[in-house]
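First comes the structure, then the notes that go with it.
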2 protein chains.
Amino acid sequence: MDNYIPALDVVFHALADPTRRAVIHRLGSGEATVSELAIPHNMALPSFMKHLQVLESGGLIKSHKTGRVRTCQIVPLKLAVAETWISKERAVWEGRAERLANYVENIASEKK
Amino acid sequence: MDNYIPALDVVFHALADPTRRAVIHRLGSGEATVSELAIPHNMALPSFMKHLQVLESGGLIKSHKTGRVRTCQIVPLKLAVAETWISKERAVWEGRAERLANYVENIASEKK
DNA sequence: AATATAGTTATCCATATGGCTAAGTATATG
DNA sequence: CATATACTTAGCCATATGGATAACTATATT
């Protein structure tokens with residue numbers, strides 16, 4: 001638990017569900033109301049709302065209500081944090097792979 | 001559920017836990033045995049093993065047993081799939097942001 | 001004013017998750 | 001051979017998750 005980033009628990013959990021990923025994807029092409037977002041999902045509204053709550057409390061989306069309509073939009077930051085974490089991890093083992101490649105290369109050239 | 005990638009359910013779920021992320025991080029600096037991996041985690045071994053099973057069944061790590069010792073290593077592919085998904089989503093709304101910026105810019109220049 | 005619309009709240013339910021202890025198996029080591 | 005080591009398996013438990021229905025609130029519409 002070296003450099004534990006609590007936000008990642010919540011972000012990765014949010015992304016672990018296909019309904020929620022679909023919502024993120026949909027919001028990529030612009031704001032949408034709760035009903036609009038719900039349409040493609042074969043699920044009762046309260047069930048769907050729970051997914052929106054997971055996304056919003058996790059900071060991946062935000063929403064505002066005008067009259068009786070709630071409109072949602074994406075919040076870029078958290079996705080970026082998740083991507084950065086993965087990217088850094090990959091950088092580490094890619095670094096290792098590179099060093100290993102160099103090592104193999106050195107062995108090879110020493111044999112000449 | 002347009003372009004639903006089932007692997008992502010499993011990968012993001014695996015990454016949603018700090019213990020599992022720590023294991024991924026640790027394996028970034030090379031192979032390790034189950035006991036070695038378990039040391040930093042204040043948890044009974046069977047509990048810890050469950051995390052390894054989540055990682056392995058999700059394809060994020062693999063392991064082989066020699067004698068009574070099981071050694072684990074990272075499998076790059078799944079992390080890459082997860083990073084790619086996020087990256088593509090970001091590209092979409094960054095594209096939008098860019099178009100919006102252009103639009104605003106055009107409005108501004110029309111005012112000249 | 002009456003009705004339709006768009007969420008929201010309150011429960012409920014089955015299953016999954018993340019932790020535990022106790023006991024078992026297989027391989028080293030003394 | 002006896003014992004220690006390194007997992008494994010089996011079961012238990014509390015809480016979280018993802019779904020549902022029923023009833024409610026607050027705005028539009030007619």
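As a basis for the values below, the full set of heavy atoms in this structure was taken, side chains included, without hydrogen atoms, waters or symmetry mates. By convention in this document, chain letters (A, B, ...) are assigned in the order of the sequence lines, proteins followed by strands, and residues within each chain are numbered from 1. These numbers were taken from a predicted model, which means no experiment stands behind them.
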Notebook entry, point to check: Closest nucleotide of DNA chain D for A:Thr66 versus for B:Met49: which of these residues is on the 5' side?
Noted result: B:Met49
Check: Looking only at atom types and distance, does a side-chain atom of B:Ser47 sit under 3.5 Å from a main-chain N or O of B:Met43, one as donor and one as acceptor?
Finding: no
Margin query: Any side-chain to backbone donor/acceptor pair from B:Arg20 onto B:His13? Under 3.5 Å, distance only.
Written below: yes
Item checked: Value in whole Å for how far the C1' atom of D:dT27 lies from CZ of A:Arg68 -> 5 Å
Note to self: Just the rounded figure in Å: distance from C1' of C:dG19 to CG of B:Leu52.
What the structure shows: 15 Å
Next item on the list: Keeping the roles fixed (side chain from A:Glu36, backbone from A:Thr33), state whether a donor-acceptor pair exists under 3.5 Å.
Entry: yes
Note to self: Quick check: closest heavy atoms across A:Ala82 and B:Ile86, and the distance to 0.1 Å?
What the structure shows: CB-CD1, 3.8 Å
Next item on the list: Return the value, rounded to whole Å, for the distance between atom CD of B:Glu36 and atom P of D:dT5.
Entry: 16 Å
Item checked: Protein-nucleotide distance (B:His41, atom NE2; C:dC20, atom C1'), rounded to Å -> 18 Å
Margin query: Using a 4.0 Å heavy-atom cut-off to protein, can you give one letter per nucleotide of nucleotides 13-23 of chain D, 5' to 3': B if the base is in contact, S if only the sugar-phosphate is, - if neither?
Written below: ----SBBBBB-
Checklist line | No-hydrogen, no-angle side-chain donor-acceptor test under 3.5 Å, A:Ser63 and A:Glu56 | finding: yes
Margin query: With a 4.0 Å cutoff (strictly under), does any side-chain N or O of B:Arg70 reach OP1 or OP2 of D:dT8?
Written below: yes
Check: Measuring from A:Leu55:CG to A:Leu60:CG, what's the distance to the nearest 0.5 Å?
Finding: 6.0 Å
